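Worksheet: one structure, shown below.
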Amino acid sequence: MSWTSLPARIDAYPTHRIGGFEVRAGQPLPFGATPVPGGVNFSVYSNNATAMTLVLFPVGEDEPLAELRFDESFRIGGVYAMTVFGVDPEAIAYAYRADGPFAPAEGDRFDGRALLVDPYATLLSGRERWRCGPDRPWRSRIAPADFDWEGDRPLRIPPEDLVVYETHVRGFTAHPSSGVGAPGTFAGLVAKIPYLVELGVTCVELMPVFEFDERDNVRTDPSTGEPLANYWGYSTVGFFAPKAGYAATGRHGMQVDEFKHTVKELHRAGIEVMLDVVFNHTAEGDERGPTLSLRGLDNRTYYMLTPDGHYFNFSGTGNTLNCNHPVVRGFVLDCLRYWASEFHVDGFRFDLAAILGRATDGVPLANPPLLEALAHDPVLRDCKLVAEVWDAGGLFQVGSFPDYCRWAEWNAGYRDALRHFLKGDVGSVAELATRFVGSPDLYARRGAVASVNFVTAHDGFTLRDLVSYNDKHNEANGEDSRDGENHNISWNCGHEGPVDGGPVARLRDRQVRNALLILLTSHGIPMLLAGDEAGRTQHGNNNAYCHDDELSWFDWTLVERNAGLVRFTRHLIAFRRAHPCLRRRRQPTGRSQGLFPDVSWHGVRAWTPDWSPHSRVFAAMLCARDASGADDCVYVAANAHWEPHELQLPGLPPELTWHRFADTGAGPGADSHAPGTEPPLPRQDSVRLAPRSAAVLLARPGPAAARSHEE
């Protein structure tokens, strides 16, 4: 045979027969299972295993089809790689057995009997339907790669134009009132895109969608005896695999395509997708937890271990990923590149991100390799990177997170400042002013868009509960209310829990609107918790991680019942979009910007702010030039006092008048106006703020209005 008659690919020839299959030495990279001509290439890392076995299963079957022990010649360094011919990638599932020492004191926990998930598996089976059917062993599968994106590309919305909406995929549509065809799924989320568009949000931040076990919770609800869930999903099993139980098509193994379709449809509506990702720990827990994947493949590579082989627990969940080990760092980068390239995801919010900056022994690093690599990765260049800059080990890095001029942060300082002000706490005005203009004390180098501003998030009270409860009420979690944050900076407005109308209810309505008004006029990136715009409550539970029920679900009847609040939120978002002075990338400096400085501070008297500890009046005027070169001036004022205040307004040139966009003290139906329809103030020299209220004015040409009596 002449060389010209040989196939073009010499690696298409098998060289061995193992377990009844033709095989040959595989390619060590990429890791995972990759279809190749004639078969599948399997590659898995384990630096300390003594042997590795690939176990193949027919899809849906529990009994293995074959067990293929890697030939010693198939190992390259710390990687086992084998090409298996004659297998259909869509018809098989697989797992690994890793042999090696079981020596916990040295960090090794190998168990050759355990069937292990491939860390790079792009599909997992075993939990195809949410909380349905018997627990079946996890099996790795290979996702098809034939999705038609129809030209979709990441939106690359400038960070200053983001309005983030944090939601839970299942909780968003699981309630019977959602009216969608596939409640609790990615498809259900797609059905609610028109609502998101009408609301005006530009980015959805999805709580974990990586595969996890929702039945991984041993507790029951003490009042009902019903089993509780691992509802939030912060216990990852498969980092490359979308959650099958979140897909209407998960039972058919089509969750990858369903999630891709969700991203495509959100992009088509002008909405970015940010994923809440968990690289601080896994579902394997401490030494008492299950061996699912990383522990059985190479425990001392993947986890932070004490000198005697126990698990460091900076996550509060039993283990901590060893993120700055070169192999684990590569794993995290590969994972995020996969979601950015294969799923067109626009950004990532990192749970307990302070852990990502710890060394193998847990000591915080000045220059963490993983954080630097993520900041400068070429594939992730256009992705938003947002850090929750604390962890359960006490590391709190708001404003000091190693950011490489790339990372934004959940600004807990903003959250606390706004909550203190809303309560009317002493000494809160000056702190709120700093947070309102983008926290220049924390982010002067990075700009205002480094600050993700929020008043509520999934972890804690809803906004309605923040103004309805002084204390958490977590009895239904089965932990005797020991769980959840104790320091909530909340105020029940005079009565703990629900009320039927009356002054307490009206005060709570104003407080909710006050919070939204200040949040959506602040410099930085605003984030809303799903349902806050409709008055969603968790009845005082500030840690509903385990409730797959109406306590956590979005009750869509609230949208109609609280239509005024939904309309108020929609107007605020539209107003923010219409006014560039609210959406600057950098913090204002006080220097002239057209008619006035880019920010000026006021109080009961114009140009005279009161920063004293007992002040409860906040007022700022923000000015910028719009795209046409016209002056854009907005005046924001809030009164946290229990008495009304008359605020003197900055004078305007004759061609401009003050118009009222919003006033939370004006009562239902009059608390806000659609942008462009704002009526002029009846007086131009002052504005009256009712007790516990806030207002937004704008200066624009308009019909002549009454000036001050002095005129």
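Side chains are part of it too, since the values below use all heavy atoms of this structure and drop only hydrogens, waters and symmetry mates. No experiment lies behind these values; they were computed from the predicted model shown. One is the number of the first residue; the rest follow in order along the sequence.
Between Thr456 and the options Asp532, Asn542, Thr462, a side-chain hydrogen bond (donor to acceptor under 3.5 Å, both in side chains) holds for only Asp532. Each of Val278, Val389, Leu336 was compared with Phe350 under the side-chain contact (heavy atoms from CB on, under 4.5 Å) criterion, and only Leu336 meets it. No option in Arg586, Arg583, Arg585 other than Arg585 meets the salt bridge (charged side-chain N to carboxylate O under 4.0 Å, His left out) test with Glu160. With respect to Tyr338, the ring-ring contact (aromatic ring centres under 6.0 Å, His included) criterion is satisfied by exactly one of Phe331, Phe343, Phe210: Phe343.
By the 4.0 Å N-to-carboxylate-O rule, Lys260 lies too far from Asp257 to be salt-bridged with it. At a threshold of 4.0 Å, the pair Arg625-Asp632 does not count as salt-bridged, since none of the basic side-chain nitrogens sits closer than that to a carboxylate oxygen. Salt bridge annotation for Asp509-Arg464: present, with a cationic side-chain nitrogen under 4.0 angstrom from a carboxylate oxygen. By the 4.0 Å N-to-carboxylate-O rule, Arg446 lies close enough to Glu409 to be salt-bridged with it. Salt-bridge annotation for Glu678 and Arg700: present, with a side-chain N of the basic residue lying under 4.0 Å from a carboxylate O of the acidic one.
Looking at Glu211, its side chain does come within 3.5 Å of a backbone N or O of Ala244 through a donor-acceptor pair. Thr173 places no side-chain N or O within 3.5 Å of a backbone atom of Gly188 that could act as its donor or acceptor partner. With hydrogens and angles ignored, the 3.5 Å screen pairs a side-chain donor or acceptor of Ser140 with a backbone N or O of Asp118. Checking side-chain atoms of Lys192 against main-chain N and O of Val180 turns up no donor-acceptor pair under 3.5 Å. Looking at Glu485, its side chain never comes within 3.5 Å of a backbone N or O of Gly460 through a donor-acceptor pair. A donor-acceptor distance shorter than 3.5 angstrom exists from the side chain of Thr202 to the backbone of Val163, with no hydrogens or angles considered. Of the possible donor and acceptor atoms, one in the side chain of Ser178 sits under 3.5 Å from a partner among the backbone N and O of His175. A distance-only check finds a donor-acceptor pair linking the side chain of Ser177 to the backbone of Trp556 [under 3.5 Å]. Of the possible polar contacts, none joining the Asp465 side chain to the Thr537 backbone as a donor-acceptor pair under 3.5 Å is found. Under the 3.5 Å distance criterion, the side-chain polar atoms of Lys264 are matched with a main-chain donor or acceptor of Asp148.
Annotation: side chain of Arg536 is not in contact with side chain of Asp555 (no heavy-atom distance under 4.5 Å). Counting heavy atoms from C-beta on, the side chains of Leu466 and Val455 come closer than 4.5 Å. Contact of the Trp138 side chain with the Asp213 side chain is registered, since non-hydrogen atoms from C-beta on lie closer than 4.5 Å. Side chains of Val696 and Val634 form a contact here, defined as non-hydrogen atoms less than 4.5 Å apart. Inter-residue side-chain proximity for His659 and His673 is flagged as unmet; no heavy-atom pair is nearer than 4.5 Å. Side-chain contact between Val599 and Phe436: absent, with no pair of heavy atoms (C-beta onward) separated by less than 4.5 Å. Considering only heavy atoms from C-beta on, Trp339 stays 4.5 Å or farther from Val277 through its side chain. Side-chain contact between Trp130 and Thr185: absent, with no pair of heavy atoms (C-beta onward) separated by less than 4.5 Å.
Aromatic ring centres of Trp407 and Phe348: separated by at least 6.0 Å. A centroid separation of less than 6.0 Å is found between the aromatic rings of Phe239 and Phe279. Ring to ring, His168 and Tyr545 are not that close: their centroids are 6.0 angstrom or more apart. Between Phe575 and His571, the distance from one ring center to the other does not fall under 6.0 angstrom.
Judged by distance alone, the side chains of Tyr231 and Ser552 never bring a donor and an acceptor atom under 3.5 Å apart. Side-chain contact check for Asp276 and Tyr234: at least one donor-acceptor pair (N or O, by modelled atom type) lies under 3.5 Å. Side-chain contact, Arg337 with Ser341: no donor N or O sits under 3.5 Å from an acceptor N or O. Counting only N and O atoms by type, the side chains of Gln587 and His523 include no donor and acceptor under 3.5 Å apart.
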Note to self: Could you go through His579 and Cys633, starting from their C-alpha distance and side-chain angles, then the distance that decides it, and tell me whether this counts as side chain to side chain contact (heavy atoms under 4.5 Å, CB included)?
What the structure shows: CA-CA 8 Å; His579 292 280; Cys633 291; over 6 Å; no
How far apart are the C-alpha atoms of Thr557 and Arg561, what are their side-chain angles, what is the distance that settles it, and do they pass the side chain to side chain contact (heavy atoms under 4.5 Å, CB included) test?
-> CA-CA 6 Å; Thr557 67; Arg561 286 188 281 150; 2.9 Å; yes
Practice task
Please step through side chain to side chain contact (heavy atoms under 4.5 Å, CB included) for the pair Tyr246 and Leu189, ending with a clear verdict.
Solution key: CA-CA 10 Å; Tyr246 283 171; Leu189 175 59; over 6 Å; no
Practice problem: Would you check, one step at a time, whether the test side chain to side chain contact (heavy atoms under 4.5 Å, CB included) holds for His261 with Phe186? | Solution: CA-CA 9 Å; His261 176 72; Phe186 298 128; over 6 Å; no
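In this structure, CG on Leu206 lies 15.5 Å from CZ on Arg170, to the nearest 0.5 angstrom. How far CZ of Arg510 is from CG of Asp663: 10.0 Å, rounded to the nearest 0.5 Å. Taken from CZ in Arg141 to OG in Ser125, the straight-line distance is 6.0 Å, to the nearest 0.5 Å.
Other residues, nucleotides and ligands contribute over 12 non-hydrogen atoms within 6.0 Å of the CZ atom of Arg156. Counted within 6.0 Å of CZ on Arg129, heavy atoms from surrounding residues, nucleotides or ligands total 12 or fewer; the atom is thus considered open. Residue-environment remark: CD (Glu150) exceeds the threshold of 12 foreign heavy atoms within 6.0 Å. Counting heavy-atom neighbours within 6.0 Å of Arg153 CZ, excluding the residue itself, gives a total of 12 or less. Annotation: Glu90, atom CD; neighbour count of heavy atoms from other residues, nucleotides and ligands within 6.0 Å does not exceed 12.
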